[in-house]
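Encoded as structure tokens, the structure appears first; notes follow it.
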Amino acid sequence: VNKQVVYENYKVVPKRIVSSIMEVLVENTLESEQSDFQLLPGWELVWLPRFGLSIHKTSSGGKKTCSEISPPTKAEVAQAKERAKFPKQVSQRCIGFRNPMSEKVVRTIKEMQVEDLADPGPGWKKKWDKALHRPVYMHKASKKIVLEFSSVEKVNAEEKLAKAPMAGSNWRKELNNNNEVEYVHVKNGNVVSSVSEAWIVDIMEEAPAPPPTWKKVWDAERSDVKYVHTVSGKSIFSVKEARIEYEVEQLPDPGDGWTKEWSESEGRAVYRHVKSQQCAHTMKEVAKGNEDWNVQTAQCVPGWLKRWNALGFVEYQNKKTKIIVKSAKKAFGYNVLSSAPEASANWNKKLAKDGATIYYIHKDTEERVTDWEQTKLCDAIQEAENPPLGWAKNWKHPSVRHWTCPDCKITNNCKIIVACRQCGRRATKEDKYGFVVYRSTRVKGLFFRTIKEIQKHEAKLAALTAASDPPAEYTTWIKTWDEKREMVTYTNAIRNITVDCVEDIVSTEHKYKFWIKDIIGMTRNHWESDGLNPMNRFFEVHPQRHKEEHYFVFNLFYKTMSKRFKLHQILRIENYFQYESFSLHVKAKRLQAGERYNPRTMRQFLFHGTRDDGTAIDKITKPETAGFLPLKAGDRTGAIWGQGTYFARDASYSHDYAARTSDGMRIMLLVDVSVGRWTQGNSKIRVCPEVPGGKPGERFDSLVDNPLKPSIFVIQHTNQAYPAYKILYR
């Protein structure tokens, strides 16, 4: 197939084919010498490389191979052919044995048998024994010869046992099944593998026995015996401490507040109280210590002894009365009850449930009071005479007023004056805590001290009821009682005017109407000066000397202002130059309007505020000034109804713009204003518009917020307004 010459061995089955004469030579030599050599397992027959060839043959009969190490020369091939005629001589000189695992190559059967022995380890060597005609093991030191490898191991173990150190008289050395040295305890047969373990066992045996709940354990870090508790795992290195712990542990649990510990002075386990540090040896002493501690820590009550009773709690015994109570609260309550003053025979003194409050119970009415003074109050009310129908008995406490001595300047060291707020009578010794009064059930706040005063009041009330009522149209008049003359009178609640009969009311009101007309038409007639003195231009309108005038301003002010504002003073402004200018303007408007002039609507008293500290009012009222300046008005307050000076019908509106002084006084002006004819105003109007259908150049006199019911008026001429009154209030 390969187109080359091959050599076929026709004697063997299956047929053997090689490709070279050299392979034929080797095959013939190995086949001829195979019967002379018995290969050991794992060895193979080889052709030694001295002839340039290395031939391998396995003892298991595997495939034969031939590897060429170096090309043979012609002489070597011829010599090999020559020697092939004598196979035995050739094999003795050229065939060897090789171990593939160890790569060991030997020349003889003896060497192969020696090398095939197992490695005996250090201290031994393998050799051929001529006397025994077999490979053997020889000990290097003792020259001892053994045949089997197991004997080598036994000899090594015996040598190891001989060299192993002794572990003490309680131990003996032995070899185990694995030929390892171990130490066996002579007495109990315990086995350990080293001298150190045997030494630890000896130390553990020599250590004192622990208490029942402890065990001995070897501590490798400290190389010492330690004692470990079997439950908690606590470890200590002293058997004395373990025994102390055991004795402390055996004591019964004392409960809260106690600890178990060892007493060095007594040499025994004891109980120790956590807070008092009291020592106890038995549970009975512990219980006694708890009692002592509870008594010691119980709250102390003045005048009472603390002790422990048979029921298991602290009780208190009074030192004087020997009364026993169960708690400090009751003991304190008893002290409070004892210290409380005794009431009259009509009352029983008792202690409330809170243990700190005393109350008194009336024996008959079962009324309860918490103050001893109230018992006297109730007794006095019951003993007082019963009032007539419409009156009830009650108690009146006097008011107390303290005064400070100007010398000592200390209130606590000064005298206390007690007087009735109603009548001013000083309280006597009997009236120290108050007195009985008779209060009206129909009139709130009305009371008297005696029945006689009630009868007198009833007579006065009957007279007031029988007197005629004021006319219905005069709503400011009321019926009053004159205490000095003891008669019915009629008083104007606003103007503070008093008359004796209804006819006087009518005449007084008639006079007032004429005065109102006069003050509108001829204001200057009430002046007290000529109005030319710039330093003296304000004159007070006194409520007594100028009743009608004061009432006029008073009524206008409080028509819209709250009563919480107090009217302090009303000043009349007397300025000749401004008033003359204002009068000329009024006369001109009256002539211009003719019959259409209405003094009640075209001339009104209005309010004006400046929203500053009062300096603007001083400038307005100065004689040398022109008064109001409509062209500058509205710079700070705005001009939503047009350009000019603003006036209000209601004082409450001008209050938001009233001047405020540094001491909190508020100031506004009551101004006599010639409003004339008015029209609807708005922020775009700079000059009053012309009157529709009127004369050429005829304009309205003022602007308003609502033409049908005006409350704000705006004027644009200085002489249209005269500041008549300056009002000061808080």
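Throughout, numbering of the chain's residues begins at 1 and tracks the sequence. What you see is a predicted model, and the numbers here were worked out from it, not measured in a lab.
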Hey, mind stepping through L175 and V181 against side chain to side chain contact (heavy atoms under 4.5 Å, CB included) and telling me if it holds?
-> CA-CA 5 Å; L175 291 173; V181 179; 3.9 Å; yes

E182 vs E180, side chain to side chain contact (heavy atoms under 4.5 Å, CB included): CA-CA, chis, key distance, verdict = CA-CA 6 Å; E182 61 184 13; E180 295 291 337; over 6 Å; no

Take Q113 and R134 through the side chain to side chain contact (heavy atoms under 4.5 Å, CB included) test and state the conclusion after the steps.
-> CA-CA 8 Å; Q113 291 177 351; R134 63 168 293 171; over 6 Å; no

Show your working on side chain to side chain contact (heavy atoms under 4.5 Å, CB included) between V136 and K127 and close with a plain yes or no.
-> CA-CA 6 Å; V136 297; K127 62 174 288 188; 3.9 Å; yes

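No donor-acceptor distance shorter than 3.5 angstrom exists from the side chain of K350 to the backbone of I361, with no hydrogens or angles considered. Counting only distance, with no hydrogens or angles, the side chain of K260 and the backbone of L251 share a donor-acceptor pair below 3.5 Å. Counting only distance, with no hydrogens or angles, the side chain of N294 and the backbone of N290 share a donor-acceptor pair below 3.5 Å.
Looking at every heavy atom in both residues, V295 comes nearest to K306 through O-NZ, 2.9 Å. Minimum interatomic distance between V155 and V146 (heavy atoms only, all atoms of both residues): CG2-CG1, 4.3 Å. The minimum heavy-atom distance linking K140 with W124 is given by the pair CE-O, 3.4 Å. Considering every non-hydrogen atom in both Y227 and A242, the closest pair reads CB-CB, 4.2 Å. Of all heavy-atom pairs between E174 and R172, the closest is OE2-NE, 2.5 Å. Taking each heavy atom of Y137 and P120 in turn, the nearest pair found is CD2-CB, 3.6 Å.
Under the 3.5 Å distance criterion, with hydrogens and angles disregarded, a donor-acceptor pair is assigned to the side chains of N190 and N188.
Heavy-atom neighbours of K275 NZ from other residues, nucleotides or ligands within 6.0 Å: at or below the threshold of 12. No more than 12 heavy-atom neighbours from other residues, nucleotides or ligands sit within 6.0 angstrom of NZ on K125.
The SG atom of C300 lies 7.0 Å from the OH atom of Y316; values are rounded to the nearest 0.5 Å. Annotation: the span from E247 atom CD to R268 atom CZ amounts to 9.5 Å, rounded to 0.5 Å. Taken to the nearest 0.5 Å, the CH2 atom of W304 stands 13.0 Å off from the CD atom of Q299. Summarising the geometry, atom OH belonging to Y246 is positioned 6.0 Å from atom OG1 belonging to T213; distances are rounded to the nearest 0.5 Å. Summarising the geometry, atom OG belonging to S232 is positioned 7.5 Å from atom CD belonging to E249; distances are rounded to the nearest 0.5 Å. A distance of 13.0 Å separates OG in S151 from NE2 in H139, rounded to the nearest 0.5 Å.
Using the six-membered ring where Trp is involved, W293 and H273 have ring planes that are tilted, between 30° and 60° apart.
E221 meets the salt bridge (Lys or Arg N to Asp or Glu O under 4.0 Å) test with no other residue; sequence neighbours excluded.
A ring-ring contact (aromatic ring centres under 6.0 Å, His included) check over residues 155-204, counting only residues at least two apart or in different chains, returns the pairs W171-H185, W199-W218.
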